[in-house]
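Throughout, a chain's letter reflects where its sequence line sits, starting with A, and its residues are numbered from 1.
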Amino acid sequence: MSDKPLTEFRKIRIAKAEKLVEMGFNPYPSKCSRTHYAKTITDNYDALEGKTVTVAGRLMSWRKHGALTFGHIQDQSGRIQLYIRRDILQDTDQSRGNIGYAHLKLIEVGDFVEAAGRVTRTERGEISVRPDTIRLITKSIRPLPEKRSGLKDREAVLRRRYLDTTMQPHKREAFENISRMLFAIRTFFNERGFLEFHTPVLQPLYGGGTAKPFTTHVNALGCDVYLAISHELYLKRLIAAGFDRVYTIGKYFRNEGIDRSHHPEFSMIETMTAYENYEYNMDLVEDLFRYVAQNVFGRTVFRVNGREVDFGRPWKRISMVDAVREVTGVDFSKCTSVDEANARLSAMGINEPQASAGLCLVKAFEEKVEATLISPTLVYGHPMDISPLAKPMDDNPDYAERFEIFIGGMECGDNWSEQNDPVRLLETWKSKQQSLMLAAEEIHPLDYDFIEVMEYGMPPTTGIGPGIERMAMLFTEQDNIDDVIFFPLMRPVLSPLNAEIYGIDERVYVERVAEGDILITMDEFVSLLEDGIISPPASRVTVRPYLRFWGDLGRGRTSGYLEIEGLIKDKRLRVVGFAPAPGKALHDLTDTRKLRAVIESSVRDGIGGYFPDCEIRIHGVILLHDPRLHAG
RNA sequence: GGGCCGCUAGCUCAGCUGGUAGAGCAACGCCCUUUUAAGGCGUGGGUCGAAGGUUCGAAUCCUUCGCGGCUCACCA
């Protein structure tokens, strides 16, 4: 009986590693002695020709020609060819870890190797290292993807990014540039006298925004906390503490939609500057983007959504009222009533009545203007209705000292003069809380501790908050956020193949209850049936048994649940605590027919009698494993 | 959440209106002193995402589910 290809491949490679151990080699040594990166050698060939160098990296190609062997080693900098000659390569020497020509078959594509030898050119002119010695640094026991195409399946790329960047090294560029970007951002702020702080990710209250948070629990304190949806309230506490210029490059967590420009976990650079207002920040934001463009990318013109965006020119600054008037011809500042404003809205084809004239302006802006703002534009003067943490403008208190950054039709940051009047802040928050409770049945926490901070006093302050990923998308010219986040969040999966390799007998399913499903216990279910409360609206009920086996086969326990469709209209019922045939050994998994028969009779005996006229379809048993036991 | 699309060997992909599951790369064996998509000869490799259904017969048709993609909506 032969194995599946991957299983066989893996066994062969493990056998080679074992052979190496038998021979006295360590296939996983801890040290290597690289002297040069590949690119250093190809860039400085004239100076290095004939010199002895040591290179190390992953073996990406391997061409045997009898007494000659060619291959390419790939390191972080690039690739360089190995030109191996039988008459030059030293013999196998376990004490030094050297692998001689006779044993070269023990290393292969995918392995990490180290080669020491002279820098030379082959007859075809390729700069190469001609090794005197070759050492195996790390044995690889999985096959690399197809060498020409690499990974193409999007899911495979996202789940195994390390393979994608191995096969197509140019795909590392965006990530390298993001790293440089972060360094440049820090340099930019540090040079301007800002101090970087780490603010809490675990927060007892979530504030500074209206997003849905992730919740978690602190055992030691016995209380629930939230992952940060924003860091701004903590930065303001730092200003109150006497620091004039602070920033954080923090992680933000928002339990909301995922699409090509939204990710549940993202990063932002957030600043607070005391003794300045939003106008200072307009200059700061513009300088920041220009600084990053020039210092990291060496240019100011980028392509965003197929259109050119120039960060070098002075950015357009326009009030929201003017921006809407420019595009639609409607001047919302002249609207004297909500009804008038809503009439203007519906005249431009937006039939969603808003609660205030300010909200009408915002709606018109979002619908008609936002997508047209390709060149970097700062839009200021938001209605106070939507700016609870911002200060009103002196000359027009209906509008906030606030601006948003728009680039390529995408919002890239929100910024304002911080409201530091504690009495007004409290009033605003309370009324906002009430309206939100009425409107959305959502309770937003009031952070009284923060109000107290404001009562002690915070000097005039202004902050900016450009998103790192949005910025990275602009500068690396990617249109999908997954391509600027190396490890995007995905549902966990365990392939049947891995389940087999790692000795997990059954298919692994992640147990979860979808929204809208009803979860009840077996006892509750039975009593509902007995009382006749549940009866099928349709003539057919579909039952899917899910079972989990604990402990040793033949002796362990069985638990599971039934998924039942057709008993409650449009809902799926999940009955937990289903124990088929109590007392019987169900663990003979090899006889699936017998297993199924036992489950079927158990289900039919259990519920079939309650509605005799109904067809009950029982699907094959699905075996569960606790994913937590086998994660990773 | 809605719509559309995809899932076949480790990887990249064929597989027509239902009729014995295919190729290349990778792997294994042998040959080869200038290859770089090396080449030549030979060999092995599959729960066609899962479960049901229709059928004499299903990778193919139907239903449900899983995972993913694109897109719209929602959400900053």
Chemist: Please work out if A/Arg63 contacts a base, only the sugar-phosphate, or nothing of the nucleic acid, heavy-atom cut-off 4.0 Å.
Modeler: base

Chemist: Can a side-chain donor-acceptor contact be found between A/His263 and A/Glu256 if the only test is distance below 3.5 angstrom?
Modeler: no

Chemist: Run through RNA chain B and report every stem of 3 or more consecutive Watson-Crick or G-U pairs, distances under 3.5 Å, ordered by first number.
Modeler: B:1-7 with B:66-72, B:10-13 with B:22-25, B:27-31 with B:39-43, B:49-53 with B:61-65

Chemist: For this output row, return yes or no: ring centroids of A/Phe406 and A/Phe365 closer than 6.0 angstrom.
Modeler: yes

Chemist: Side chain of A/Glu256, heavy atoms from C-beta onward: which of B/C11, B/G69, B/C75 has the nearest atom to it?
Modeler: B/C75

Chemist: Scan A/Glu370 against the nucleic acid and name what it touches under 4.0 Å (heavy atoms): base, sugar-phosphate only, or nothing.
Modeler: base

Chemist: Which part of the nucleic acid does A/Leu163 contact within heavy-atom distance under 4.0 Å: base, sugar-phosphate only, or nothing?
Modeler: nothing

Chemist: With a non-hydrogen cut-off below 4.0 angstrom, is A/Asn255 in contact with a base, only sugar-phosphate, or nothing?
Modeler: nothing

Chemist: Can you name the closest pair of heavy atoms from A/Tyr252 and A/Ile229 and give their distance?
Modeler: CD2-O, 3.3 Å

Chemist: Does the side chain of A/Lys16 get closer than 4.0 angstrom to OP1 or OP2 of B/C28 through an N or O atom?
Modeler: yes

Chemist: Nearest of B/U12, B/A26, B/U33 to any side-chain atom of A/Leu68?
Modeler: B/U33

Chemist: Answer with base, sugar-phosphate or nothing: what part of the nucleic acid does A/Glu366 contact at a heavy-atom distance below 4.0 Å?
Modeler: nothing

Chemist: Look at the side chain of A/Asp153 and decide which nucleotide, out of B/G68, B/U12, B/C28, has an atom nearest to it.
Modeler: B/U12

Chemist: Check this for me, if you would: do A/Asp111 and A/Arg13 make a salt bridge, where the nitrogen-to-carboxylate-oxygen distance has to be below 4.0 angstrom?
Modeler: yes

Chemist: Would you check if there is a donor-acceptor pair between the side chains of A/Arg402 and A/Ser387 at a distance under 3.5 Å?
Modeler: yes

Chemist: In terms of side-chain heavy atoms of A/Asp87, which of B/U33, B/U12, B/A26 is nearest?
Modeler: B/U33

Chemist: Kindly point out which of B/C25, B/C11, B/G68 is positioned nearest to the side chain of A/Lys147?
Modeler: B/C25

Chemist: Any salt bridge between A/Arg85 and A/Asp132, counting N to O under 4.0 Å?
Modeler: no

Chemist: Looking at every heavy atom in both A/Leu151 and A/Arg160, which two are closest together, and how far apart are they?
Modeler: CD1-O, 3.8 Å

Chemist: When we call it a touch if two heavy atoms are under 4.0 Å apart, what does A/Gly110 touch: a base, just sugar-phosphate, or nothing?
Modeler: nothing

Chemist: Need to verify one output field. Residue with the more 5' nearest nucleotide on RNA chain B, A/Arg154 or A/Arg13?
Modeler: A/Arg13

Chemist: Can you tell me which nucleotide in B/G68, B/U33, B/C11 comes closest to the side chain of A/Arg159?
Modeler: B/G68

Chemist: Of all the choices, B/C67, B/G69, B/U36, which nucleotide is nearest to the side chain of A/Gln81 once you look at every atom?
Modeler: B/U36

Chemist: Taking the six-membered ring for Trp, are A/His65 and A/Phe70 parallel (under 30°), tilted (30 to 60°) or perpendicular (over 60°)?
Modeler: perpendicular

Chemist: From B/G69, B/C11, B/A38, pick the nucleotide closest to the side chain of A/Met490?
Modeler: B/G69

Chemist: Give a yes/no on whether any side-chain N or O of A/Asn480 is located under 4.0 angstrom from OP1 or OP2 of B/C70.
Modeler: yes

Chemist: Return the nearest nucleotide to the side chain of A/His65; candidates are B/U33, B/C70, B/U36.
Modeler: B/U33

Chemist: Between B/A51 and B/G66, how far apart are the two P atoms, rounded to whole Å?
Modeler: 15 Å

Chemist: Please classify the nucleic acid contact of A/Arg160 as base, sugar-phosphate, or nothing, using heavy-atom distances under 4.0 Å.
Modeler: sugar-phosphate

Chemist: The side chain of A/Arg260 lies closest to which of these nucleotides: B/A27, B/U12, B/U71?
Modeler: B/U71

Chemist: Using a 4.0 Å heavy-atom cut-off across all strands, classify A/Ser61 as base, sugar-phosphate, or nothing.
Modeler: nothing

Chemist: Whole-Å distance between B/A26 C1' and A/Glu8 CD?
Modeler: 12 Å

